[in-house]
Amino acid sequence: MIVGVDVGGTFTDLFLYDAATGAFRTAKVPSNRGDEASGFLNGLRALGGAASMDAVVHGTTVGTNALLERKGSRLGVITTAGFRDVLEMRRRDRRHTWGLWGDFTPVADRDLRLEVPERTLADGTIRTPVDIAAVQAAARALLVAGAKACAIVFINAYANPANERAAAEAVRAIWPNRHVSVSSEILPEIREFERASTTALNAYLQPVVAGYLARLEGALAEERFQGRFHIVQSNGGIMSTATARRMPVRTALSGPAAGVIAAAAIATAAGFENAITCDLGGTSFDVSLVAGGRMELAAQATIDFGVVIRSPMIEITTIGAGGGSIAHVDRGGLLQVGPESAGSRPGPVCYGQGNDRPTLTDANVVLGRINAERPIGGALARLDVDAAREAIRRHVGDPLGLDPMAAAEAILRVANAKMAGAIRLVSIERGHDPGRFVALPFGGGGALHVGALIREVGLKAALVPRYPGVTSALGCIIADVRHDQVRTLNLSLDGLDAAALDARMVTEAEAARAVVAEAGLPVEGIETVFELDMHYAGQTHTVAVPLPVTLGEGTTGITAAAVRAAFEAAYSRAFTRLLPGIPVRIVTLRTAAIGRRPAFDLAMLAPGEGASMDAAARGSRPVWFDGAWTEAKVFARLDLPVGSVVPGPAILEQPDATIVVDPGLAARTDRFGNLIIERA
Amino acid sequence: MPIDPVTLAVLKGRLEQIADEMDATLYRSAFNPIIAEARDACHGLYHAETGDTLVQGTKGLPIFVGAMAFAVRAVIAKVAADRGLEPGDTFLFNDPYDGGTHLNDFRLVRPVFRNGRLFCWLASVGHWLDIGGNVPGNYNPRATESHQEGVRFPPVKLIRAGVIQQDILDILSANSRVPQSNWGDLNGQLNALDLGEKRLSELLADYGDAAVAEAFGLLMDRAEALMAAEIEGLPDGTYVFEDFLDNDGVVDEPLRIALDMRVLGGRMVLDFSRSSPPCLGPINISVATTVAACYVALKHAFPDVPANAGVLRPVEVIAPDSTLLGAKAPRPVAGYTETILRLIGVIFGALGQARPDRATAAPFGTINALALSGQRGDGTRWVMFSFFGGGLGGNPESDGLHHANNPISTATIPPVEILEAANPVMFTQWALRPDSGGPGLHRGGVGAVYEIEALAPGVTEIALLGERGRFAPFGVAGGGPGAMNAFWWETPEGRATAPMASKVVGVSIRQGQRLRLESPGGGGWGDPTQRPVEAIARDIRLGHVSAEAAIRDYGVRVAADGSVAR
């Protein structure tokens, strides 16, 4: 039995799958911000307890939150004399193309970035051996100054890591914990700022993520968990917790990546290869694009201005609008929703946990869209509609001269417009026609709003997964195990020593495969994928050149001719014109080992024999649409049979989500149990 | 049927996407780091008859938005004179008087035909590393006529009905110190045009020519209306501001950039008539460049107005040829960046008078174009060329950003490791420069220190074109000035500095000797005596402000333990 666990800001969602019987179960429990482990364990208990699980795969936002909120550890940096400001100088960019305001604070203060005598030249020659005594002194000074983690970044360490390794050894001998990140270990690739930033952010996250994993592992051990524990990476692959401790920077988009993996699989199976995933959480709305059935991976991501991680990760756009986003009227008299959020504690006013400022969820409750008698998650018996309405009246209605219902509807409209804007960002503004895309809402709240998104952005339809609240948890189950490695080679293709390149590839592949194998999850096989970053001598950017070889009996069989053919094919694809006569260079070798997980048949989620319109019918209730109460039919969503069509206005309820079918739309159930909401 | 707003929004996004993809294609396939890393390039779609900018990529160099329209107009004029335009033609030129900017910026302009009629133009511009002239990299601070700066190409048909003209390639190749780099960049630009043509034809197939043509018009109208609304937000009146350039590199006299900004309702006149006359040295600019620079300044002040020609309709720019802002051939223009940076600052100054609540202090205001060159051990020639960063001005929202790029570009600086891998140099310092940010309630951002040691066995020649060695970046609303530019190099007799401050040519260092550039910070915003003591203490702890400077500029007392009090 394997369980996927997605810890969000408001709820922790779980998906349990028994590969032997094909059975599955889901669970949803409240999250505890700051004590994510307790929600995690409560969830496992709800599914029978950790002791019975073979594996736990976890999508986490602990790293993401620490980066966004700048709550990583106190970080020290040891670097080459003359270069302590690399992190703060960035690539000499600015926040916006247009407009010159705003400043920047790096993750390590300038007085915690110390320089040591050492220098390696671009060709790998050691110009100045590293002064180990100075390194030791710097490490001690950082410890005295309260640093909890240390990043070591030397200029040109990609070309020859000897000085950096010697320094790392000296620091690790002194450093009281394992939170020492070394640039040639994290990203042995040319470009000092990107390498320094990635390494520094790794160190910045190490204590946070390691502490979190230790708490979880300790708690799992107490529950007599005997299986394997894994983390989803930002690239959508799974890694072991040992790797996650070493490279926490690869968890930056762990939670969202898990959801997008599942969304891509669900959309493709349902026959929609173009989808925009929408995850409405407690504090944010995350949008990602699946085009042609594939999620888009970026080679690096800018988490915030100057906060750059170079490591493959899904492309995701986030705005500060979630169910817990607080609605208020600003000094200019404009209604705003978010970015301030009531989170899960105290949560919306209707939770009755002490917050008295209205949120988006409160508006949904007051408008009758959320059933106050049957709150999602089950932790609360009922929601306090009167308190929510009173808060909306006081904070939004009175200042704007609106009655509470009109005020609640206004909150909804402002929030919908913000979400529509995020969808435009990833579709229209990147040249994709939204009419060819479906919205795929996941998380607990997204399906409340898809009607407005279809209307406002002109999307083709919405595809609501069978279990929208546990999409990320489901993604944890179906994600492949993956490990990426990168190494700058700087070789000329003319006179290439193919045997030496082959040996290098074999070494890299074996190391990457070992990481995947050590993860211990059942896989159908481990695939090795090689890619070279190549260019014509003189260019600085490179073309990704997939090599048509794989690891055989201790060799890849690579030849110089094969490399040239692959380069010319890739270059032609990218730029049409080859440049005959100009020498070709191999800059970087990228190796990925991918452990393919057993196929997961999404049809097993489909409604069972007992499903029928009669079984699903739950009567009706008044819901506020377009300025008036309208009687909307209510159905138990999970009991709707395949092929059924429910015209709006209707409310479809299930334990982990509420789906609103607006007037003028209709919801049909497909053979996987997904709902497809489109214009009636 | 008129286009609905959603379709218009989609078309806007797809058109910008085309230009963005063209930009990205060139960045990734270019050979020289000024394009590949520093993004000194731009692509867009231009009006068939007027050459107006219809769409520009969102990442392209801001200064080219206005200038490229002039470039396309030069080609339109050439075509009208020759009566010769065929599908498959592509023009090439670098004439700064017709197309703006300077000789390194090579423009490729290609017509897009639909059903036998010209539909629009696609254009690409990128900064090539070297195009002859007295100084490698072409930033010759002592040039007194264009011919000393490099080779000038009027619009010529590089590709004639699909056939590339080898004789033109041969001329290009013979007139550069780095022909292979130029050839690579040229191919990158052609790649970008090919891609743009392909993407545009896909878009036209999807939406029809008429809808796209209508969208072009609507997008310009919308830009015009937004710009007019922004100008209406300024009180009517005349606002006067001026600043100075150190010298022109030939005659050591300051040069005035003077602005009378007249605002009336939704219209604005930017009158530079009182500026200095054309100068001998290379810091003249053509009218095309002046208009482009005004656009850049206004777009920074009003970031929400779109990037097309409609923005300039409510604005009149007056730059007579009696000033250095309306220069004609063969006045040298290689240092055009310095002049437009001062011009942009002057517009910020005037806007700050109109709306003090939105004032932005002067950015560092110089590109510091540094060219190092020589011969490697194997006899091959090398040229390392780069621009350097500095501090931005304090502003109502925040302290100025440390080590930023100039307002005219979005260029990122090449990594040290890329520069060292390509050239026989070793950086010995790459650091922030203490005490260079102008004091203020919101401090100016600090500049940087770049120190380089020559590794080449022979001589390493130095050429620098910079500014702000005599006139510091100004503060606003009571803020103080940032530090000035500084440059020295080692000689057997000790450290040397240049008589023209930041304009250096004809000097060299030997293996093991160093040079050092210290760039300006930005001006400060607001009264420094109002800056919270906690912020000052933090600046001292981080080393951005020394204790001595804090005492002098902020009027505070600093104790031995670093605590600060007033």
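All values derive from a computational prediction rather than experimental measurement. Reminder, nothing fancy here: chain letters follow the sequence lines and each chain counts from 1.
Between chain B and the options Ile582(A), Ile155(A), Thr542(A), heavy-atom pairs under 4.5 Å are most frequent for Ile582(A). Between chain B and the options Glu194(A), Arg90(A), Arg84(A), His96(A), the largest number of non-hydrogen pairs under 4.5 Å is found for Arg90(A). Between chain A and the residues Pro396(B), Pro33(B), Gly389(B), Gly184(B), the largest count of heavy-atom pairs under 4.5 Å involves Pro396(B). By number of non-hydrogen pairs under 4.5 angstrom with chain A, the leading residue of Thr25(B), Leu195(B), Leu190(B), Asp206(B) is Leu190(B). Among Thr410(B), Asp399(B), Leu419(B), the residue with the largest count of heavy-atom pairs under 4.5 Å with chain A is Asp399(B). Of the residues considered (Gly522(B), Ala411(B), Gly188(B)), Ala411(B) shows the highest number of contacts with chain A, using heavy-atom pairs under 4.5 Å. Residue with the most contacts toward chain B among Ala537(A), Ala122(A), Gly102(A), Ala574(A): Gly102(A) (heavy-atom pairs, distance under 4.5 Å). If you tally non-hydrogen atom pairs under 4.5 Å between each of Phe427(B), Phe348(B), Tyr27(B) and chain A, the highest count goes to Phe427(B). Heavy-atom pairs under 4.5 Å with chain A were tallied for Thr428(B), Leu392(B), Ile418(B); the largest tally goes to Ile418(B).
Proximity of a side-chain donor or acceptor of Arg92(A) to a complementary backbone N or O of Phe387(B) within less than 3.5 Å is detected. At least one donor-acceptor pair under 3.5 Å links the side chain of Asp85(A) to the backbone N or O of Leu432(B). Looking at His403(B), its side chain does come within 3.5 Å of a backbone N or O of Met89(A) through a donor-acceptor pair. Within the 3.5 Å criterion, the main-chain N or O of Ala404(B) finds no donor-acceptor partner in the side chain of Arg94(A). Between the side chain of Glu417(B) and the backbone N or O of Ile190(A), no donor-acceptor pair lies under 3.5 Å. Not a single donor-acceptor pair under 3.5 Å links the side chain of Gln539(A) to the backbone N or O of Arg28(B).
Ion pair Arg119(A)/Glu420(B) flagged as a salt bridge, since at least one NZ, NE, NH1 or NH2 atom sits closer than 4.0 Å to an Asp/Glu carboxylate oxygen.
Using a 4.5 Å cut-off between heavy atoms, Ala157(A) touches chain B through its backbone atoms (N, CA, C, O) alone. There is no contact between Asp185(B) and chain A, counting heavy-atom distances below 4.5 Å. For a residue to count as touching a neighbouring chain, one of its non-hydrogen atoms must lie under 4.5 Å from one of that chain's; by this rule Ala159(A) does not touch chain B. In this structure, chain A has a heavy atom under 4.5 Å from the backbone of Pro414(B), while its side chain stays farther away. Heavy atoms closer than 4.5 Å to chain B are found nowhere in Thr128(A), neither backbone nor side chain. For a residue to count as touching a neighbouring chain, one of its non-hydrogen atoms must lie under 4.5 Å from one of that chain's; by this rule Asn156(A) touches chain B with backbone and side chain alike. Both the backbone and the side chain of Asn405(B) come within contact range of chain A, each with at least one heavy atom under 4.5 Å from a heavy atom of that chain. Contact annotation for Val178(B): neither backbone nor side-chain heavy atoms come within less than 4.5 Å of a heavy atom of chain A. Both the backbone and the side chain of Phe104(A) come within less than 4.5 Å of a heavy atom in chain B. Looking at Ile35(B), neither its backbone nor its side chain comes within 4.5 Å of chain A, counting heavy atoms on both sides. Using a 4.5 Å cut-off between heavy atoms, Ala192(B) does not touch chain A at all. Neither the backbone nor the side chain of Arg433(B) comes within less than 4.5 Å of any heavy atom in chain A. Using a 4.5 Å cut-off between heavy atoms, Arg538(B) touches chain A through its side chain atoms alone. Neither the backbone nor the side chain of Ala422(B) comes within less than 4.5 Å of any heavy atom of chain A. The contact between Asn406(B) and chain A is made entirely by backbone atoms, counting heavy-atom distances below 4.5 Å.
Taking the side chain as every heavy atom from C-beta outward, Arg95(A) and Leu401(B) never approach each other to under 4.5 Å. For the pair Asn187(B) and Leu579(A), the minimum side-chain heavy-atom distance is below 4.5 Å. In this structure the side chain of Trp101(A) reaches within 4.5 angstrom of the side chain of Arg358(B), judged on heavy atoms. Side-chain contact between Glu453(B) and Arg127(A): present, with at least one pair of heavy atoms (C-beta onward) separated by less than 4.5 Å.
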Side chain to side chain contact (heavy atoms under 4.5 Å, CB included) assessment of Thr412(B) paired with Phe193(A): CA-CA 11 Å; Thr412(B) 54; Phe193(A) 170 70; over 6 Å; no
Test side chain to side chain contact (heavy atoms under 4.5 Å, CB included) on Leu542(B) and Asp109(A) and set out the steps. CA-CA 7 Å; Leu542(B) 298 182; Asp109(A) 272 354; 3.9 Å; yes
For His541(A) and Ser29(B), run side chain to side chain contact (heavy atoms under 4.5 Å, CB included): C-alpha distance rounded to whole Å, both residues' side-chain angles, the deciding distance at 0.1 Å, then the answer. CA-CA 7 Å; His541(A) 287 263; Ser29(B) 59; over 6 Å; no
With side chain to side chain contact (heavy atoms under 4.5 Å, CB included) as the criterion, how do Glu88(A) and His544(B) come out once you've worked through the C-alpha distance, each side chain's angles and the decisive distance to 0.1 Å? CA-CA 12 Å; Glu88(A) 192 160 1; His544(B) 295 316; 3.2 Å; yes
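Within a 6.0 Å sphere centred on CZ of Arg110(A), other residues, nucleotides and ligands contribute more than 12 heavy atoms.
Ring orientation note: the planes of Trp98(A) and Tyr295(B) are nearly perpendicular, at an angle over 60° on the 30°/60° scale.
Nearest approach of Asp103(A) to Gly400(B), heavy atoms of both residues: CB-O, 4.2 Å. The shortest heavy-atom contact between Ile413(B) and Arg91(A) is O-NE, 2.7 Å. Between Glu192(A) and Val416(B), the closest heavy-atom pair is OE2-N, 2.7 Å. Gly99(A) and His300(B) get closest at one heavy-atom pair: N-ND1, 2.9 Å.
Rounded to the nearest 0.5 Å, atoms CG (Leu100(A)) and CD (Glu397(B)) are 11.0 Å apart.
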